[in-house]
Amino acid sequence: MTRLKTEDLMPAMGNMQAYNEKMREILGVGIHGVAAHALGLEEKTVALALQASTVGIIPISSGEGLISGFSQLLFETASFLGCKTQILAQDQEGFAQAKRDNYEIILWSDDDSYWAENLPFAFHAENGWATGLGYAAALDLMISRCQYEKKVLVLGAGPVGRSAAYALSLAGYQVVLCDKEREKSVNYAKTLTNCMGVDLETIASCAPYSCMLDATPADTLYVEKYLTKNPCITAPCVPCPWVGRKEYAAKLWHDPLQLGTAIMLASAVTRTTNHAH
């Protein structure tokens, strides 16, 4: 996963209610509804499962060390979802505490990955996969509200982009998957239906695009010239180049951590993968 910085997280701290209200305004549903939509479940089913769960957050200090605010934002997100949540001790002691105190779900992240694990069922959900599902679901909700055609540009063929392309293809979208490394996008697109893999040199061949999911790790594939006026955009990328251009998009959704975390938790408590895991 992209290593977040404290300044990425601070604007989101203490604002889960406002976050959820903004999500309802843009997507038509709140965070429980997006999680349910991403996993193909009923919202009530997801909400009840989350409310019945206990979640332990384990800070990991190895590698480049702790990110200030990371565990707190996880705590706020999981608590808002209805989980009984606690920040546990760091590292090995935290894992021992989770097992000793019978936590159902643990959340932990190192420099390379971020996981939600259901301990009783040995089931896990990974952040790249979950974030792709979540942002694909958010884009699908946007497109339905705007009544745009079901054609989507997905930037980046990493874990998030591949998961998003899979989910959108499964939902009947015509997907154009673009990556700087042509083999990554072309080879993955071959495993999907209604998906074309392209690189920067051929991205214009399918333009213009009215809907886009930007899963690049930085502002490296900026393609504004290929988008229609007032596009729908979801952007899990950090840093996000689209936030300062809100007026450009008909609808835009970005957050640093919360949506991917919600999908991970919903997946872990319901043991649902939506076939993309």
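No hydrogens, no waters, no symmetry mates; every other heavy atom, side chains included, goes into these values. The model shown is predicted, which means the values in this text are computed figures rather than measured ones.
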**Request:** Sequence neighbours left out, what pairs pass side chain to side chain donor-acceptor pair (under 3.5 Å) with at least one residue falling in residues 141-159?
**Result:** none
**Asked** For the residue pair A266 and A35, what are the closest heavy atoms and their distance?
**Response** CB-CB, 4.0 Å
**Check against side chain to side chain contact (heavy atoms under 4.5 Å, CB included), I60 and Q90** = CA-CA 6 Å; I60 304 297; Q90 291 181 21; over 6 Å; no
**Message:** Do L74 and V238 sit in one hydrophobic cluster, given that two such residues count as connected whenever their side-chain heavy atoms are within less than 4.5 Å of each other, even indirectly?
**Reply:** yes
**Message:** Tell me whether the count of non-hydrogen atoms from other residues, nucleotides or ligands lying under 6.0 Å of CE in M16 goes above 12.
**Reply:** yes
**Message:** If we ignore hydrogens and angles and just use 3.5 Å, is the side chain of E126 paired with the main-chain N or O of W129 as donor and acceptor?
**Reply:** yes
**Asked** Is it true that the side chains of Q72 and E76 contain a donor and an acceptor less than 3.5 Å apart?
**Response** yes
**Complete:** The side-chain contact (heavy atoms from CB on, under 4.5 Å) partners of P159 (sequence neighbours excluded) come to R162
**Atom of L81, atom of L50 and distance for their closest heavy-atom approach** = O-CB, 3.7 Å
**Message:** Quick check for you: to the nearest 0.5 Å, what is the distance between T272 atom OG1 and L133 atom CG?
**Reply:** 11.0 Å
**Message:** Minimum heavy-atom separation for L88 and G94, please, with both atom names.
**Reply:** CD1-O, 3.7 Å
**Prompt:** Can you list the steps and then say if L27 with M142 is a side chain to side chain contact (heavy atoms under 4.5 Å, CB included)?
**Reply:** CA-CA 6 Å; L27 306 182; M142 279 186 190; 3.6 Å; yes
**Item:** Any donor-acceptor N/O pair, H124 side chain to A116 backbone, under 3.5 Å
**Value:** no
**Asked** Is there a path from V186 to L192 through hydrophobic residues (I, L, V, M, F, W, Y) whose side chains come within less than 4.5 Å of each other?
**Response** no
**Message:** Is the ring pair F80/H32 parallel, tilted or perpendicular, if the boundaries are 30 and 60 degrees?
**Reply:** tilted
**Prompt:** What heavy-atom pair brings P59 and A89 nearest, and what distance separates the two atoms?
**Reply:** CD-O, 3.6 Å
**Asked** Judged by atom type as modelled, is there a donor-acceptor pair below 3.5 Å linking the side chain of D101 to the main-chain atoms of Y103?
**Response** no
**Item:** Residue pair D255 / Y135: nearest heavy atoms and the distance that separates them
**Value:** N-OH, 3.0 Å
**Request:** Quick one: pull up SG in C240 and CH2 in W253 and give me the separation to the nearest 0.5 Å.
**Result:** 12.0 Å
**Complete:** Sorted by chain and residue number, the side-chain contact (heavy atoms from CB on, under 4.5 Å) partners of N118 (sequence neighbours excluded) come out as E104, I105, P120, F121, F123, R271
**Asked** Is there side-chain contact between Y19 and Q258, with heavy atoms separated by less than 4.5 Å?
**Response** yes
**Pairs meeting criterion side chain to side chain donor-acceptor pair (under 3.5 Å) with involvement of residues 182-200, two or more places apart** = S169-T193, D199-T202
**Nearest-0.5 Å distance that lies between atom CD1 in I143 and atom SG in C232** = 6.0 Å
**Request:** Would you check if there is a donor-acceptor pair between the side chains of Y114 and T261 at a distance under 3.5 Å?
**Result:** yes
**Complete:** The reported gap from SG in C211 to CG in L153 (rounded to nearest 0.5 angstrom) is 10.0 Å
**Prompt:** Atom CG of L259 and atom OG1 of T77: how far apart are they, to the nearest 0.5 Å?
**Reply:** 10.0 Å
**Asked** Are any of the side-chain heavy atoms of Y209 and V152 separated by less than 4.5 Å?
**Response** no
**Item:** Linked, directly or transitively: L227 and M196 (ILVMFWY side chains, under 4.5 Å)
**Value:** yes
**Message:** Holding to side-chain contact (heavy atoms from CB on, under 4.5 Å), I want the full list of residues that pass it with S79, two or more places apart in sequence or in another chain.
**Reply:** F75, T85
**V29 side chain reached by L141 side chain, heavy atoms, under 4.5 Å** = yes
**Request:** Mark yes or no for whether D91, through its side chain, and E93, through its backbone, hold a donor-acceptor pair below 3.5 Å.
**Result:** no
**Item:** Pair L107-I58, side chain to side chain contact (heavy atoms under 4.5 Å, CB included): steps then yes or no
**Value:** CA-CA 6 Å; L107 285 174; I58 304 174; over 6 Å; no
**Request:** Look at the side-chain heavy atoms of Ile, Leu, Val, Met, Phe, Trp and Tyr, link any pair under 4.5 Å apart, and say whether V160 and M212 land in one connected group.
**Result:** no
**Item:** Non-neighbouring partners of E25 that pass side-chain contact (heavy atoms from CB on, under 4.5 Å), sequence neighbours left out
**Value:** none
**Message:** If I take atom CG from residue L265 and atom OG from residue S53, how far apart are they, to the nearest 0.5 angstrom?
**Reply:** 7.0 Å
**Asked** Does one side chain, of W115 or S113, offer a donor that lies under 3.5 Å from an acceptor on the other?
**Response** yes
**Validation row, ring centre W108 to ring centre F95 under 6.0 Å** = yes
**Message:** For a side chain to side chain contact (heavy atoms under 4.5 Å, CB included) check, start with the C-alpha distance between V55 and Q86, then their side-chain angles and the critical distance, and finish with the verdict.
**Reply:** CA-CA 6 Å; V55 175; Q86 184 70 39; over 6 Å; no
**Request:** Indicate yes or no for a side-chain donor-acceptor contact from S267 to the backbone of I263 under 3.5 Å, with no hydrogens or angles considered.
**Result:** no
**Full working for side chain to side chain donor-acceptor pair (under 3.5 Å) between D140 and Y173** = CA-CA 9 Å; D140 182 43; Y173 281 84; 2.5 Å; yes
**Asked** Which pair of non-hydrogen atoms, one from C195 and one from L177, has the smallest distance, and what is that distance?
**Response** SG-CB, 4.1 Å
**Message:** Donor-acceptor check, side chain of T45 to backbone of L41, threshold 3.5 angstrom: yes or no?
**Reply:** no
